[in-house]
Amino acid sequence: MELLDGKKVSNQIKEEIAVEVSKMKERGEKVPHLAAIIVGNDGASLTYVGSKVRSCEKVGFESTLVKMPSTTSELELLKKIKELNENDDIDGFIVQLPLPPQIDTQKVLLAVDPDKDVDGFHPMNFGKMALDMSTFIPATPFGILELLERYNVDTKGKHTVVIGRSHIVGRPMSILMGRKGWPGNSTVTLTHSHTKNITQITSQADIIISALGVPNFLKAEMVKDDAVVIDVGITRVADDTKEKGYYITGDVDFENVSKKASFITPVPGGVGPMTIAMLLKNTLLARERHRGRK
């Protein structure tokens, strides 16, 4: 069994990006600038956004964090998005999800300029991805592809089972794993909460990508020997014995599944760090595109 070490690979990617940024500085060019909007005080979101800001500093990007209160109206948020769309200094920005209930997430994602949508959530970017055109790939699926590539995992002709059909991970992942090229060219089954006989399906899979958000959902008996297992789930489970009052776990019963898998991602330290690294990579791509147009 080999661990797909997202922490190690994400650090390599950040180092590669830092080299590109120092070359830009030497040429006297503007460095990439990533902005993030966060509405409210969700603990997990604040931690995640803070991590993005620190990663920007590490690679030499400029970053802007826009904090808005949880009482922010939809109109106020859309106005802020318009400002960032029109600000030529900002290459890419994200709106941290989830948003408070008074705000329509769909409307917000549609308002982001597709050219600055480094999360890859805009329908225009999603459509381009589905059609195999050059675009921003959502950061988590992009990170999974990068892990598979850097660990030389064979995907051609393999049976990939994706668990979960969210627009952020499951659905794009199912499209990307079936695309022409590598990583890709696999035969994909997309499963979800209404799938019957899921164990029958997962136990035939060469590659399993679980993005369900249900702790320890994938058990050893659901996995065949030598399967590749990618665990996208990340859940805080309350535990009074821990200092923080919780522990973090994934969708996969790691202890038992890892005994059967050929490759597996840990949680934490697997897909999570890759998501931030690929967000930076998308921001670098955005900067290069903007420069190309000028």
Side-chain angles (χ1 to χ4, degrees), residues 5-38 47-67 80-96 109 111-122 124-126 128-129 132-151 168 172 176 181-183 271-294:
D5 189 340
K7 204 168 181 185
K8 187 175 92 176
V9 174
S10 70
N11 284 333
Q12 286 170 357
I13 292 165
K14 286 175 191 172
E15 282 164 18
E16 290 160 13
I17 293 171
V19 169
E20 286 300 312
V21 173
S22 62
K23 284 179 187 170
M24 286 177 166
K25 284 178 179 170
E26 281 168 23
R27 294 193 294 262
E29 292 171 11
K30 176 191 166 317
V31 299
H33 187 162
L34 174 68
I37 300 175
I38 184 162
T47 303
Y48 192 46
V49 168
S51 186
K52 288 171 182 172
V53 170
R54 285 193 301 277
S55 295
C56 282
E57 286 168 12
K58 191 175 174 183
V59 299
F61 283 11
E62 285 180 32
S63 68
T64 298
L65 179 55
V66 181
K67 284 184 177 175
K80 181 54 72 177
I81 288 169
K82 189 172 185 283
E83 272 176 40
L84 296 184
N85 282 340
E86 291 169 358
N87 184 343
D88 286 343
D89 189 50
I90 287 169
D91 297 294
F93 69 94
I94 60 148
V95 180
Q96 185 64 39
L109 296 180
V112 177
D113 180 348
D115 271 345
K116 293 189 176 189
D117 167 43
V118 287
D119 255 338
F121 293 164
H122 193 283
M124 188 186 282
N125 287 327
F126 196 99
K128 282 182 170 180
M129 178 203 70
D132 258 349
M133 295 165 74
S134 172
T135 189
F136 297 121
I137 296 174
T140 301
F142 196 8
I144 294 167
L145 293 180
E146 195 75 17
L147 266 182
L148 293 171
E149 195 173 319
R150 293 199 184 215
Y151 278 90
I168 294 169
L176 292 161
W182 176 70
V271 174
M274 292 300 296
T275 300
I276 292 175
M278 302 323 277
L279 184 71
L280 298 176
K281 198 158 186 177
N282 273 344
T283 307
L284 182 66
L285 290 170
R287 177 73 223 120
E288 285 166 357
R289 276 192 206 171
H290 298 157
R291 190 180 67 235
R293 287 204 184 117
K294 281 181 181 173

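For clarity, every value in this text was computed on a predicted model and none was experimentally measured.
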Run the side chain to side chain contact (heavy atoms under 4.5 Å, CB included) check on Met278 and Ile13 step by step: do they pass? CA-CA 8 Å; Met278 302 323 277; Ile13 292 165; 3.8 Å; yes
Nearest-0.5 Å distance that lies between atom CG in Leu284 and atom CG in Leu34: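 One finds 11.5 Å between CG of Leu284 and CG of Leu34.
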d(Leu279 CG, Cys56 SG) to nearest 0.5 Å is 7.5 Å
Measure the shortest side-chain to side-chain distance between [X] and [Y] over non-hydrogen atoms and say whether it is less than 4.5 angstrom.
X      : Y      : value
Asn125 : Met129 : no
Val112 : Phe93  : yes
Ser55  : Lys14  : yes
Val31  : Phe61  : no
Met24  : Glu20  : no
Arg54  : Ile276 : no
Val21  : Pro32  : yes
Ile137 : Pro172 : no

Would a distance-only check, ignoring hydrogens and angles, find a side-chain to backbone donor-acceptor pair under 3.5 Å from [X] to [Y]?
X      : Y      : value
Ser51  : Thr47  : no
Asn85  : Ala111 : yes
Asn282 : Phe136 : no
Asp119 : Ile94  : no
Lys67  : Ile38  : no
Asn11  : Lys7   : yes

Which heavy-atom pair separates Asp115 from Ala286 by the least distance, and what is that distance? O-CB, 4.3 Å
Between Ser63 and His33, does the side-chain hydrogen bond (donor to acceptor under 3.5 Å, both in side chains) criterion hold? Intermediate values first, please. CA-CA 5 Å; Ser63 68; His33 187 162; over 6 Å; no
So, are [X] and [Y] salt-bridged, with charged N and O less than 4.0 Å apart?
X     : Y      : value
Asp91 : Arg289 : no
Lys80 : Glu83  : yes
Lys25 : Glu29  : no

Show the numbers, then the answer: is there a side chain to side chain contact (heavy atoms under 4.5 Å, CB included) between Gln96 and Lys52? CA-CA 11 Å; Gln96 185 64 39; Lys52 288 171 182 172; 2.9 Å; yes
Could you give me the CA-CA distance, side-chain angles and deciding distance for Asp89 and Lys30, then say whether side chain to side chain contact (heavy atoms under 4.5 Å, CB included) is met? CA-CA 9 Å; Asp89 189 50; Lys30 176 191 166 317; 3.2 Å; yes
Take His290 and Lys116, measure what side chain to side chain contact (heavy atoms under 4.5 Å, CB included) needs, and give me the verdict at the end. CA-CA 9 Å; His290 298 157; Lys116 293 189 176 189; 4.3 Å; yes
How far apart are the C-alpha atoms of Glu16 and Arg150, what are their side-chain angles, what is the distance that settles it, and do they pass the salt bridge (Lys or Arg N to Asp or Glu O under 4.0 Å) test? CA-CA 14 Å; Glu16 290 160 13; Arg150 293 199 184 215; 2.9 Å; yes
